[in-house]
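The structure appears right after this line, and notes come after that.
Note that this is a predicted model, so its numbers are computed, not measured. Chain letters run A, B, ... following the sequence lines, proteins first, then strands; residues in each count from 1.
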Amino acid sequence: MPSLKPQSDLDRRVALKLLATAMAATMARCSRPEEEIVPYAKMPEGLVAGEPMRFATTLALSGYGRGFVGISIDGRPIKIEGNPKHPFSLGATDIFAEAEVMSLYDPDRSTAIRHDEAIATWDAFSADWGQATRAQNGHGLALVTNRVVSPTTLARIAAFKNRYPSMRWYRYEPVHDDAARAGARLAFGRVVTSLPRWSEADVVLSLGADPLGHGPDELRMARAYASRRVLGAKRQRIHAAEAVWTLTGAAADFRIPTTPAVIVEIARAVANACGANLGSPQIPEDAEHFVERASRELMAARGKALVLAGESQPAEVHAICHWINAQLGAPVDHLPSQDAVENDHAFELVALADDLHAHRFRSVIVADANPVYDAPDSLHLADGIASVPFSAHIGLYCDETAMACHWHLPLSHALESWGDSRALDGTASIVQPLIQTLYPTRTRDEYLAWLVGEDVAKAYDLVRKTWQSNVPGDFEANWRKALNDGVIANTAATPLALSLKRPADLPRAATPRGMSLAMSPDPSVWDGRFANNAWLQECSEPFTKQVWGNAIRIAPGDAERLGIADEDTVDVEIDGKTITAPAISMPGQADGVIGLHWGQGRLRAGRIGTGVGARVCGIGAHPLARLLDGAVLRKSARSVPFRSTQAHTRLEGRAEDIFQIATLNELGHANAGTGRRPPSLLPVPPKGDYAWAMVVDTDACIGCNACVVACQAENNVPVVGPEEISQGRDMHWLRVDAYTRPHGYIERRGFQPVPCMHCEYAPCEPVCPVEASVHDHEGLNVQVYNRCIGTRFCEANCPYKVRRFNWFDYSGDQAYAGEGEALKAQHNPDVSARGRGVMEKCNYCLQRISRARKAAEKENRKIAEGEMITACQAACPTRAIHFGDLNRTDSDVSNLRKAPQHYVLLEELNTRPRTTYLKRVFNSDDQG
Amino acid sequence: MSEYLLAEFETAQDALTAARRAQENGRAAEDVLSHMPIEGIAEYLARPRRPAIGWVMFVAGALGAAAGYFMQWYSAVVDYPVVSGNRPLNSWPAFLLVPYETTILSAAVVGFLAWMAMNGLPKPHHPLFFAKITERAVQDRYLLVFPRDTALAAWIAENLKPRRLHEVRE
Amino acid sequence: MTAAEGTKERWIQGIQSLEEINARISAPILDPAHTWRWWAALAISGSLTLLMIVAVTWLFAHGIGVFGNNTTIVWGFPIANYVWWLGIGHAGTLISALLLLTRQKWRGSLNRFAEAMTLFAASMAGLFPIFHLGRPYYLYWITPYPNVQGLWPQWRSALVWDLWAVGTYITFSALFWYVGLVPDLAMLRERARSLWARRLYGAFALGWRGSARHWEIHERFYRYMAALAVPLVVSVHSIVSLDFAASLEPGWADTIYPPYFVIGALYSGFAMVVVLAAALRWGCSFEPFITHRHFDAIARVLLTASIVMGISYATEWLWAWYGGERPERHLVAFLFTGPYAPLYYGQLLFNVVVPQAFWSPRVRTNIAAVVVISILINVGMWLERILIVWSTLSRDYLPSAWRIFLPTFWDWALLFGSLGAFMFLFLLFVRILPAMPAHELRKLWIEENGS
Amino acid sequence: MAQLFRPGANSIAVAVIVALFAAPVAAVALTYALWDSPYATDQNLTRAQPVPFSHAHHVGDLGLDCRMCHTGVEQAASAGIPSTHICMTCHSKIWTNARMLAPVRASYASGKPLHWQRVNRVPDYVFFDHSIHVAKGIGCSVCHGPVQKMALMRQAQPLTMGWCLECHRHPQKYIRPQDDVFDMYWRTPFDQPEQGARLVRQYLIHTDHLTDCSICHR
């Protein structure tokens, strides 16, 4: 592996300081500092200085592995991209994968062994460990982990159990699937993983489910979803009944906001329609039409109809959905669960707490988990762990749990580790490091091996050992292929043929006392493990556009009833526990339901994440619950700022022009766009070798933000921090505007990614006094940072407001929480870091265009269609972003520009944008 | 080494009449020193001339305009053409504003220089300052300036009736 | 105006001799009375100037993030202050030039200090675009100068036009002012007591001795300059207005902007002249030169201007409605109902309603009243400038980009600091240079009283 | 006796006025001259190196090809400073114990890289790419000068933007046939005007695009 070598290119801030003295320097000689070039002593294999290298690797989310490709330059990982060969990446990424490079270089990562906070040594630890486990077979020894599906880790745990037979292993995952597991037990008598073949469904009914939301299955689902929305494909009809907005709900053709209790009744009604006899459903009449239509269409589409239940639904509803799907012959595979433990997650967590308080343990190892944060305060885990004589925490950070333990052992980041993992369907892939460990850390497997005395074991050997035993044929060849492809061939599980139990009666949900809390993992920091990642903290929540915190989302009705205005700080009280956060009212959310996100309110996340937002998972008696009743909402005495990157999501009567919506019928009648240009007095643009253009399909876009973080990683876009956000400042080159507008009789929400429009008649250019904003011959509107003097006339005159100004030295001296220095290593060396006082903006990944052009020119050919891919385009799981050359009449973008749903943002200004859009399209009620 | 006679008058009117009479008698004054401009007195002086400062400023302005436009045309069309908002390289309507200003600027600056040159200023030292009375000339008096000459002095005292007659010598 | 008409009708009152004029005019310089007023004023303005220096240091040290600007409202106080100060800077040259060409006698007492005001105000204005820059040390990139990159300014940018307009304007005003000063400097050369003072004034008087030949050239040159000044002044604020009008933003891209800005400039400029005139009259006992009639005359100008402003505002509303473009209409609605509404109503009140009091002669001749109203007008005009900058950027085409501007301490510090610096310079001016054009007043006095 | 100034004052005054108008112009002219001079551009500057490596010896006398040590030049933006191992491929056999080479051997033994002083440098916001220039017939000597004569490496050209533009505007003046790119002794042939124009067409070089800001700055 190449080692992290100091950046050989000149420190950019020095350069800027030099520039700053340019004027004076003309008078007195400016003595430029000597600049050193440090070559390798020994050049690593295959490395060309300054050229990117790509390694297939695996990153886990909630334990399940997804295969990605890591890009490193001069041995520094700088970017994560999708791995087309991996069934759960399909070449796309999500925000968590993109942000891993940020976590890798996080200066707050734990770098040393600690004993009661003080830095300690291996020897001290092993001595103490020996003490704790001497002369016993593991009696009173507990191991706590999150979900484990990695074959190697499972092998290590087996070995551990082998060495300490009577130890107890507790595994729980904060973002769990207990309801689905229980539902499967009811339906099939065993736990299974059910994977819908979404793309095969013509009609989908989602009962509070969010298959398009973040999670281990998002990328596969999103791609399937998009495959039914491309031009010409038979469009899917999606019905969603849900309490709070989900990305799936936003994508649905027909959505109805209902309380969880009503969703149970809807399930009952649909089941009855399929021939079950579960008593008469109690459907409020505003939902009747929805239910009737959904059932009718499901019936009509037998074999191609699918019903999905959400985690917030009780096990019975999941069971019923399995039964309905069976009746409908739904396209869904039931696979053996990769989760090695039979018990449910919440159950295990409670068991752990009970055993701790019963003082059953003399030693506890918490391996890469943070139960003290995840578990509700009612379990008093911190005290429990503290009461154990020997306790050790293995983790990336000195987090809440590390504080409760005596020992803390620093964990290696995935990008510096060898390991393996499995995807939801069992597809195995290797975790391959892109860099040597930055600090003296070890992987989870190494620690586990080491705890049973194999202290020499290196992760690399452990992984190879695992696979030597279960890969037939020439191992070395398969190994190289596995590393190269990022997947291990034929490791996916085969679907089970299961006998289905007839559904027992569906219990009537008791009408909730007080308001109910609908809780889900945070769309930016997930279950809290990414809370110290500045990119993700500044990545806005899809609907509220909130950053750096979590809001209490309430229905407008409740807001009115309780006299709560947007951004008021409110208290949510439940069982004596209180959550305080700013409130935001969400048109289209069910009355009586409060929406909350886990994952914020970390107590010991690091300089970035500590104290941001409110801790939601601490409340309630039932750990990891998705739904709680009996909440009381009231205005708070405290005041917590609501920080968002978009203050206005209503379109103020400009919907027709800005966020355009069409029904399939309207589209049918619309005649195809001609691509003809409106008249202008200005001359025709000069014809260059290429005419780059982008078409963004707002119909495919599900608002997952992957493009935003991908852009940030690719283009060294700095974070600005909460204070600056409150000032109304942000730096994202690509923003996803969230809009809500009534359409027909329902509230529509949609997403509009807005990069620079690269207008042919760019308004920003003629107003720049120094030619810092100019056009090049390939139609790019380029910003020359080093020429910019910061008049900001360009942004003032930009109708799309896509330009971003460095009010402070965000990427250098004045970086938020001193991130600047730490992230030098992550910076993409092909992109300038922008200094204070200059304007910047999207440039269609100019560095990639330039790389592609040079590659082509060296071979005296032109860049091929699809050869040039922007960072946002590469990341997009739904392929909503199309990029290419308008000079080719046959190119993707040229064709899309002729599509009937094609439109130009603010066309009346005749700025001739090169970035254009496809309308959001919905099925209408009538057509089948 | 020049020496003068200064005929002092109380009012502009007296000065004007005196200057005219002197000129009619072929003894036109060299110059008049006054604390304020006196309409039309210049034509009664010896060797009257029409100052051409207006023409100087006009020419300067015209040149300024040409230079202003040329600078823009040369830089934007010839030296380094850059595509800016796809405007024509020679965007003449936009290029008219700078020349407008350069016209006025050069006319004013050149005019100022001409103003000094034609007045022979700066001249902090001037023989006339040897006369104490010149300090009143810039405050409230009127002085007709003649070459020093005894005969002339007598004539002046006789015909022009100055309030006083001063001699200027080293 | 001739001596025939009664003393009431005279522009200079209670003066017995030319010498008295000279004495009164040089008094503030050579033997000042009640200096404590001056020192007090100097102390106040001095401390404000200090505040400005601190603010600028802080600004350059930390970057323009210290302002209240944000991602969409990228322009804020500095631009508004720039436009406002430059507007004030318009009165001086206009008064001396336009009134000279139209042979207005009341010009005499006003032009000298009004021109000084112009210079100082224009200098203040000139500073703000620099404070506003992200990288102020590269300001010179806007100028065409030989450089190793082979680069030029981008001539289509209104900011480049600004540079030339303001640069020309300051240079021009300085020359115009100085040329007018020379004869009076000569007077001071003779009246000053200490040898060094005499030498100093002498040096700047360039050896002016009141020669008839000089006077002839001087008169011509001065009139030509005046003739140039008028189109110049008109062009300057028209070009400034193009910073906004040459864009395609709602509320900015209006053809009415240039005239509207020029009148606005006149308006605020004359208002400031009133304030300074009153101050001089009081502080330097210039009562004989600055009479009620002067205030009355200016008040009439202000009244006219206020009506024109009112019409301009109405025109904007009309166009927004008649043009029918949603963003335009939305913007006007936003002005009346949005968070800036109080400021907007203040603007309308101070700029259009209050000045209507000038219809009454009693108000026009009551100096205190005229001064108060003029101050209000200046406040109103500043509000207009800031709202022009803010409101459009706060309500742009895309609702997703809508934001509100919240000023910071440093925004205010620079505004009031610049006011202090302006006062400071003006106070120095009245103690160093003749605040009244002695030679012109002597001429005027003679015309009014016969020799 | 009311004279404030001596007669000499008149000429002094005139001189002052003239200076007032002439000084700014002179200042700008001087600044430019200075800024374009080697004094500011570091042209012809040599720097002290850990090992006094002589291109004159290796290229001039021994006739080594550039690519032997600068391995990246055809594939990458940076030509690449040779790793110690590359030095030792020869110097493990010849001059094995020359005192001059002690640092190299030390680096080889310890694995700690040598710290060279950069000679040819463009600012970090300029993205110069060796490989494309080499691929399009721009010879090493165009920018690096007669390296084969340089005992110690020095910056042969001003490397100012104006200098870059000259070639980007008129590549035909400098372009060579592929085979001559690494020829340090290449001389502009008499028929360069025709040959240059032909090569520019042959290599598909579009000069209008060559002066786009985005070619070098991102």
Under a 4.5 Å heavy-atom cut-off, does chain A meet the side chain of [X], its backbone, both or neither?
X	answer
C:Pro129	neither
C:Trp155	neither
C:Phe67	backbone

When [options] are compared by non-hydrogen pairs under 4.5 Å with chain A, the top option:
options	value
C:Glu325, C:Arg156, C:Arg403	C:Arg403
C:Val389, C:Asp396, C:Ile79	C:Asp396
C:Leu151, C:Leu163, C:Thr408, C:Thr392	C:Leu151

request  = Would you mind reporting whether A:Val767 and C:Leu159 have side-chain heavy atoms less than 4.5 Å apart?
outcome  = no

query = Taking the inter-plane angle between the rings of A:His648 and C:Trp402 on a 0 to 90° scale, is it parallel (under 30°), tilted (30 to 60°) or perpendicular (over 60°)?
reply = perpendicular

request  = Tell me, for A:Phe793 versus chain C, whether the close heavy atoms (under 4.5 Å) come from the side chain, the backbone, both or neither.
outcome  = both

message = Between A:Pro763 and chain C, with a heavy-atom cut-off of 4.5 Å, which part of the residue counts as in contact: side chain, backbone, both or neither?
response = side chain

Nearest heavy-atom pair of [X] and [Y]: which atoms, and what distance?
X	Y	answer
A:Trp807	C:Asn69	CH2-CB, 3.2 Å
A:Arg729	C:Asn70	CG-CA, 3.8 Å
C:Ser247	A:Asn797	CB-OD1, 2.9 Å
A:Lys801	C:Thr72	CE-O, 3.7 Å
A:Ala796	C:Leu393	O-CD2, 3.7 Å
A:Leu909	C:Tyr397	CD2-OH, 3.4 Å

query = Do C:Leu139 and A:Ile789 pass the side-chain contact (heavy atoms from CB on, under 4.5 Å) test, and can you show the C-alpha distance, the side-chain angles, and the key distance before you say yes or no?
reply = CA-CA 7 Å; C:Leu139 176 73; A:Ile789 62 175; 5.6 Å; no

ask   = Name the one of C:Asp162, C:Val160, C:Thr143 that satisfies side chain to side chain contact (heavy atoms under 4.5 Å, CB included) with A:Pro769?
value = C:Val160

